[in-house]
Amino acid sequence: MDQEQLKETVLSVAPETEFEETGGFLNVTIPSARLHDLALHLRESEDTLFDYLFCLTGMDWPEYMIVVYHLKSTTHGHSIVIKAKIENREKPEIDTVSDIWRTAEFHEREVFDLFGIVFRNHPDLRRIFLEDDWMGYPLRKDYVDEVNIIEL
Amino acid sequence: MAETHINTISGKPLESQEYLINMGPQHPSTHGVLRLLLTLDGEIIHKVEPHLGYIHRSIEKMCEKDSYTQIVHLTDRMDYLSSHMNNEAVSLAVEQGLELEMPERVKVIRTIISELTRLSSHQLWWGVFGMDLGAITTFLYGFRDREMIIDIFEETCGARLTMNYNVPGGLMFDIHPNFQKRTKAFVAHFKQKLPEYDQLLTGNVIFELRTKGVGILSKEDAISYGVTGPSGRASGFSNDVRKHNPYSAYSQVEFKEALSEEGDSYARYKVRIQEMWESLSIIEQLIDNIPEGDYKAKTKAVIKLPKGEYYQKVETARGEFGVYIISEGGKSPYRLKFRSPGFSNLSALDHMAKGAKIGDLVVIMSTLDLVIPDIDR
Amino acid sequence: MYDFKSLTDSIHTSLSAGLSPIMVTIIEFVIIAFAFMILFTLLGLILVYAERKICAFFQLRLGPMRVGKWGMAQTAADAVKLIFKEPLVTKNADKFLFNLAPFIIILSTFLALGAMPFAKGLHALDFDIGVLYLTAVSSIGVIGILIAGWSSDNKYSLIGAMRSGAQVVSYELSVGLSLLTVVVLAGSLQFSEIIASQEAGWWIFRGHIPALIAFVIFMIAGTAETTRGPFDLPEAESELTAGFHTEYSGLKFAFFFLAEFVNMFIIAGIGATVFLGGWMPFHIGNWEGFNRVMDFIPPLFWFFGKVTFLIFLMMWFKWTFPRLRIDQLLRLEWKYLLPINLVNILVMAFIVLKGWQF
Amino acid sequence: MKAIIKYISSIFKALKSLFRGMAVTGHYISHPKEIITQQYPENRETLKMFDMFRGEVVLTHNERNEHRCTGCSACEVACPNGSIEIISKRIEMPDGKKKKVIDKFVYHLSMCTFCNLCILSCPTDAIKMSQDFEHAVFDRSQLTKVLNKTGSKLMEGVR
């Protein structure tokens, strides 16, 4: 599928989508509530068949948070980047996609650990790198830790 | 799990408990500080729960403060066995942002050193794999051959492991005059020694018993878990970045993507051995054809990436390594994400080890070729 | 020619001259006990050094080189270190059993060592059921391993102990049966008679193929019984860290360590005695001249030469092969070694019945 | 019958594969010339590192105890982990002008990752990597070094 067709497919599921082409991929920004439906559609639909989630990134912007999903189809060879925008920066929540791609289970735990984004329906949402009693979420931009972060 | 067995004499149910074992963080076969919480029933594994973070250094956070030239040396310390490829990924991502075209010489040298790194990583893996199986001698044989590659690195790049030879915009220095001679000597040497690897392990009946049918990962699962690299290719998941998205000089060389269908530990082993042959062939094709030219493109002293997003993936010895840079136009990235192959490969461990025995777990872990700093970052 | 009987007899007579028979027996006991203790220590030191050197040469290394010329004093230095090391006991360990286990293991090796025929007349315990005795006492060691694993309150140790229980008990069968094959040939369970029966040639050459098969099975099962690689599952260090002796340190660990090496010597010793003629020189049929020359080499050299060869073979196995998995290990015993062994004994019995052996 | 033949042939195949492995190790034990390990530290005299090897940062001095460091702090900026600290001072030149020179070139070996970025950034080639690799000391404070020798001064003509 070329990018135009992909756009149409995405629009048919999530009409309020914004598109952007950067970094060699088609970037799709959607509200977080739409994510699971879109992901499931892209995974299951015969024309798209995005079966390989190769990168899952959390991002902290001043007003909102974003979870980025890099998808690729091993049969069709096309790629897409979904950016799910979470408006509530203080208590971010989003649906898990670990039921669609198994690898997301670990990656979502990592994002939860470092950004504090809660993935609803995740089978085992715990901190993965840090200790269970760690305060705060280190990769957030407003995280301060005077002991461990040395400013050069 | 806790099943109820009936005492055959008294007829009363026996109570049994789950047997929980901490494998690691100090354990000879976790190769670093990986901690696995095993749930056992006798020798049989019911659940493997990795507990990570013992060597988490928050490299992604550090990158948000560093300049692009400084970021490169941090990637050495993630997957230290494919440090050159990691460096290359960051350099390529930055060059993509700067829209720099590399001189041919840089591309070829980067490819040769990448393949040498892959070879050295696979040699170490082979040695360690034998050791995990109990054949400790292989460890030294693998290291003997690896030492020659490390010497090449030391002479050209200045360090043995954490080379930091790539810089955004080219290479740190030109290759050493001895580079070609040494590399050719190594290729000739290793072509003789690689059959010995087969003789010692591949055909061995005990080795086949230990690996065949152990830790089977189907193609669907490999894709779903994002298991890449030789581990994924052994399941039939064609994912070689060098083939699908060629970078550096990979489009100029002929090589086969080592694939297998079985998806068991033996297939993963064979794929890696096959990859060593392919790497040797790639090096042979390039080593005499290093074009003349600059070893570096012109860059500004302070590199500032234009606002935007850049994703670059390379094939390391462990799989697909991705660098995702989000730049706001400054001299350091707004956010930088490393997609490390080990992390995704580890996520499949529980699935693969279910129902296997303790001895099998060691084999599965070893054939996944985990490098812990790569997982923890 | 080299008969130690005259030496032992002269000691006995000189002691009997002035002492009561009970005192003589006690003094003789003490002498033998000292001799065996010295032998045990020497064996331990030499074998550990040999293992480290041989393993190093297999692995393109030099091995210990620092302490003494060519690192000769390395094991002695290690022993000194182990003696002065603090004996640690885990908090919840069963202290009594924990301390008892190394002694049980060392006891079984001592008992087995006693029945070793080193040379003509140099033989502490020459029972008429020597083979039976040896297989019996050498399996006491597994009780020590089980106790050690159970009492150290360590989950790895427990798994290691359970593995070794299953392993040693199974392989005991093959060891016994492969020895029986030769017993059928020799017609005696007494070691001295088994050796004497090989005067015309060693059983491995005279017993046709069944003897050779029995020898191969004995070597495999014997290696398994000493829990050495490739059958070192109870202490598989890449799986169970150190298996049943994970929690032991200092002198108690040294006991386990020594016992492993002396057990290897015992297995090689039995193999040499039963299949390769023990101290009996290499004789070929009726070549008088050749046999005469061979007789000039002292029997002690023959015995230790054969044992060294077999030990080297066992080390070669260990440093070449990967380790088996526990179920494969048991499958090897019950599906391969045991049936082959049973058929082998039948064939051998048939051969003996027909008088076909050389 | 077929099963029995298969059983027996599997045994022979297994034994053959084992012997093949033993042949490899047997080859190496009988060829002691193949031994690859070195006797360090006995071979200290002959052990020479490659010229490119990055051991530690040194400030080169010539025989008149002069170095080329102008104290521009380019290396300090380039260093990713703060291993280099340059403490400069102002001295009065004979002609009455004040000039900035280095007082102390402090190098924290314990923090250095040997990435070579400082060497590349130096505009006057004042620092280089030495091939010394024996860094072990008994006290951590010894790893903080002052690289400029006492009494050294800037080489003529370097600016």
Side-chain angles (χ1 to χ4, degrees), chain A residues 20-25 27 43 49-62 66 68 70 72-75 77 79 81 83 98-111 113-115 124 126-132 134 138-141 143 145 148-152, chain B residues 49-58 60-62 64-66 93 96-97 219-228 232 237-239 241 244-245 307-313 319-320 322-326 328 334-341 343-348 350-351 375-377:
Chain A
E20 186 192 359
E21 277 177 43
T22 169
F25 297 109
N27 285 253
R43 170 71 182 83
L49 220 62
F50 283 105
D51 49 1
Y52 174 33
L53 171 75
F54 61 89
C55 192
L56 197 158
T57 316
M59 260 193 255
D60 179 28
W61 294 89
I66 282 183
V68 188
H70 283 72
K72 191 183 171 184
S73 166
T74 53
T75 38
S79 311
V81 179
K83 294 181 175 171
S98 59
D99 50 336
I100 305 170
W101 299 283
R102 310 281 288 273
T103 182
E105 189 179 326
F106 265 45
H107 280 97
E108 284 177 350
R109 274 179 71 183
E110 184 191 340
V111 172
D113 192 356
L114 302 175
F115 287 93
D124 185 21
R126 284 175 295 136
R127 284 193 182 266
I128 191 166
F129 292 136
L130 305 173
E131 294 138 40
D132 290 336
W134 190 276
L139 273 183
R140 287 195 184 187
K141 289 283 171 183
Y143 178 79
D145 183 344
N148 292 311
I149 298 181
I150 303 162
E151 297 280 343
L152 291 177
Chain B
E49 209 182 308
H51 284 241
L52 308 174
Y54 286 90
I55 192 164
H56 184 65
R57 293 144 296 177
S58 212
E60 288 175 11
K61 184 85 177 174
M62 279 149 89
E64 290 174 11
K65 291 266 157 50
D66 281 356
Q96 185 193 337
K219 186 180 173 184
E220 287 68 39
D221 285 334
I223 297 171
S224 181
Y225 277 110
V227 177
T228 51
F237 174 22
S238 161
N239 59 18
V241 184
H244 294 275
N245 305 72
K307 189 170 156 65
E309 295 176 7
Y310 312 97
Y311 191 91
Q312 177 68 45
K313 50 185 171 182
E320 185 182 319
V323 181
Y324 184 31
I325 298 178
I326 295 97
E328 284 286 88
Y334 181 78
R335 165 97 171 95
L336 194 147
K337 158 88 182 174
F338 293 116
R339 189 262 185 215
S340 65
F343 189 65
S344 298
N345 290 4
L346 177 74
S347 67
D350 179 41
H351 175 76
I375 296 166
D376 277 0
R377 278 159 289 151

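Each chain gets a letter, A, B and so on, in the order its sequence line appears, and its residues count up from 1.
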**Request:** Tell me, for B:I325 versus chain A, whether the close heavy atoms (under 4.5 Å) come from the side chain, the backbone, both or neither.
**Result:** neither

**Request:** Tell me, out of B:S347, B:G322, B:S224, B:G53, who's got the most heavy-atom pairs with chain A below 4.5 Å.
**Result:** B:S224

**Request:** Could you look at B:E64 and say if it's the side chain, the backbone, both or neither that has a heavy atom under 4.5 Å from chain A?
**Result:** side chain

**Message:** Please classify the contact of A:D113 with chain B as side chain, backbone, both or neither, using a heavy-atom distance under 4.5 Å.
**Reply:** neither

**Message:** Need one label for A:H70: side chain, backbone, both or neither, based on atoms under 4.5 Å from any heavy atom in chain B.
**Reply:** side chain

**Asked** Salt bridge or not for B:E309 and B:R335, using N-O below 4.0 Å?
**Response** no

**Prompt:** For A:F106 and B:F343, what are the C-alpha separation, side-chain angles and deciding distance, and is it a ring-ring contact (aromatic ring centres under 6.0 Å, His included)?
**Reply:** CA-CA 8 Å; A:F106 265 45; B:F343 189 65; 5.7 Å; yes

**Prompt:** Please walk me through it: do A:W61 and B:Y334 pass ring-ring contact (aromatic ring centres under 6.0 Å, His included)?
**Reply:** CA-CA 9 Å; A:W61 294 89; B:Y334 181 78; 4.3 Å; yes

**Asked** Is it the side chain or the backbone of B:D221 that comes within 4.5 Å of chain A heavy atoms, both, or neither?
**Response** side chain

**Prompt:** Using non-hydrogen atoms only, which part of B:Y225 is less than 4.5 Å away from chain A: side chain, backbone, both, or neither?
**Reply:** both

**Prompt:** Non-hydrogen atoms of chain B under 4.5 Å away: do they reach the side chain of A:L114, the backbone, both or neither?
**Reply:** side chain

**Fill in**
Interface check, chain B: of A:E131, A:R43, A:K83, most non-hydrogen pairs under 4.5 Å belong to A:K83

**Message:** If we check salt bridge (Lys or Arg N to Asp or Glu O under 4.0 Å) with B:E60, which of these qualifies: B:R377, B:R339, B:K65?
**Reply:** B:R377

**Request:** Evaluate the side-chain proximity of A:V68 to A:V81: yes if any heavy-atom separation is below 4.5 Å, no if none is.
**Result:** yes

**Item:** Heavy-atom proximity to chain A below 4.5 Å, by part of B:T228
**Value:** side chain

**Item:** B:N245 versus chain A, the contacting section by heavy-atom distance below 4.5 Å
**Value:** side chain

**Electrostatic pair A:R102:B:E220 at N-O distance under 4.0 angstrom** = no

**Pick from B:Q312, B:E328, B:H51 with the largest number of heavy-atom pairs that fall under 4.5 Å of chain A** = B:E328

**Presence of salt bridge, A:R126 and B:E49, under 4.0 angstrom** = yes

**Item:** Side chain proximity check, B:K337 to A:E110, heavy atoms < 4.5 angstrom
**Value:** yes

